[in-house]
Amino acid sequence: MSEIVGQAVLEKSVAHLVAASDSPELIAKLIPGCDGLHRIDAEHIEGRLATQVSGIPIEAAISVRRTVEVLDGGVTRLHLRLKVRPDIGGHAIVVALIDLTEASATSSNASWRTSTELDPMLAVMAGQRVEEFLRVSIERLIAGLGA
């Protein structure tokens, strides 16, 4: 399991970021190789992806769980959980906790921490490559919400 922390100023309001994080179409565009996502319920979307991880073709089911929590001090916490289930078996998960505060009327401060989890089979087969894919995917997703 690896953890990543980061922070950035995103050029959208907190309300815009929260709304954007609820768009299956936008999220699908931001995940490398995602063919499209469809809503399962208020918190879940899922779909398929076909991409390459370090030059190795991967086809997988993908699901995204999104929840929003309002914390003290004007902080909105966005929880994003991406689960990838390759057709060859196993699964990989990345969870991001993104704390958002208003920086101005049109921008937000974002700070996040993420963690990844690989099942043992996938960790042995392609652990570092899969973790890198997850890291890139979640960072691209966070940046893309603010674009």
Side-chain angles (χ1 to χ4, degrees), residues 1-86 90-119 122-123 126-147:
M1 178 180 357
S2 67
E3 295 184 319
I4 303 163
V5 296
Q7 58 186 8
V9 176
L10 303 176
E11 297 304 317
K12 302 288 182 187
S13 69
V14 170
H16 179 87
L17 294 168
V18 169
S21 73
D22 196 33
S23 168
E25 296 81 16
L26 177 62
I27 292 174
K29 289 178 187 176
L30 298 173
I31 297 173
C34 189
D35 293 333
L37 296 168
H38 59 277
R39 186 167 301 284
I40 301 301
D41 59 36
E43 291 183 1
H44 298 89
I45 56 178
E46 65 181 27
R48 299 276 308 159
L49 65 84
T51 191
Q52 289 193 7
V53 176
S54 297
I56 300 169
I58 300 288
E59 292 189 23
I62 184 168
S63 61
V64 180
R65 179 175 182 250
R66 171 208 168 264
T67 59
V68 179
E69 181 181 7
V70 178
L71 305 175
D72 293 336
V75 175
T76 299
R77 178 168 287 165
L78 182 59
H79 300 250
L80 294 175
R81 179 181 182 267
L82 280 70
K83 183 174 185 178
V84 178
R85 294 175 310 280
H91 69 270
I93 299 170
V94 60
V95 176
L97 299 177
I98 308 161
D99 289 342
L100 304 167
T101 58
E102 298 289 352
S104 71
T106 59
S107 65
S108 302
N109 294 314
S111 61
W112 61 87
R113 63 185 183 276
T114 67
S115 62
T116 58
E117 172 191 320
L118 304 179
D119 76 358
L122 200 55
Q128 288 182 322
R129 293 183 298 252
V130 171
E131 283 193 334
E132 178 65 10
F133 172 80
L134 293 173
R135 183 191 64 76
V136 167
S137 295
I138 201 69
E139 288 179 353
R140 183 173 170 184
L141 180 57
I142 293 167
L145 293 175

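Keep in mind that the numbers below use all heavy atoms, side chains included, and drop hydrogens, waters and symmetry copies. By convention here, the first residue in the shown sequence is residue 1.
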Exercise for the section: Go through the steps for I98 and L17 under the test side chain to side chain contact (heavy atoms under 4.5 Å, CB included), then give the verdict. Expected result: CA-CA 11 Å; I98 308 161; L17 294 168; over 6 Å; no
Distance-minimising heavy-atom pair for [X] and [Y]:
X    : Y   : result
S107 : V9  : CB-CG1, 4.1 Å
G36  : A28 : CA-CB, 3.8 Å
P86  : A60 : CA-CB, 3.5 Å
A110 : L10 : CB-CD1, 3.8 Å

Can a donor-acceptor pair be found, under 3.5 Å and without considering hydrogens, that links the side chain of [X] to the backbone of [Y]?
X    : Y   : result
E102 : V14 : yes
R66  : V18 : yes
S108 : K12 : yes
S23  : A20 : no

Atom pair [atom1] ([X]) and [atom2] ([Y]), whose distance is rounded to the nearest 0.5 Å:
X    : Y    : atom1 : atom2 : value
H16  : S21  : NE2   : OG    : 10.0 Å
I4   : R113 : CD1   : CZ    : 13.5 Å
L37  : I62  : CG    : CD1   : 6.5 Å
L100 : T76  : CG    : OG1   : 6.5 Å
I45  : R65  : CD1   : CZ    : 13.0 Å
R81  : T114 : CZ    : OG1   : 14.0 Å

Problem - Among I31, I27, I93, side chain to side chain contact (heavy atoms under 4.5 Å, CB included) partner for L82 - result: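 Filter result, single survivor: I31.
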Practice task
Taking atom CD of E69 as the centre, report whether more than 12 heavy atoms of other residues, nucleotides or ligands fall under 6.0 Å from it.
Solution key: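 Yes, the 6.0 Å shell around CD holds more than 12 heavy atoms from other groups.
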Practice task
Mind jotting down which residue pairs meet the side chain to side chain donor-acceptor pair (under 3.5 Å) criterion with at least one end in residues 31-40? Sequence neighbours excluded, please.
Solution key: D22-R39
Problem - Non-hydrogen side-chain atoms of R77 and L97 separated by less than 4.5 Å - result: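 Side chain of R77 against side chain of L97, heavy atoms only: contact under 4.5 Å found.
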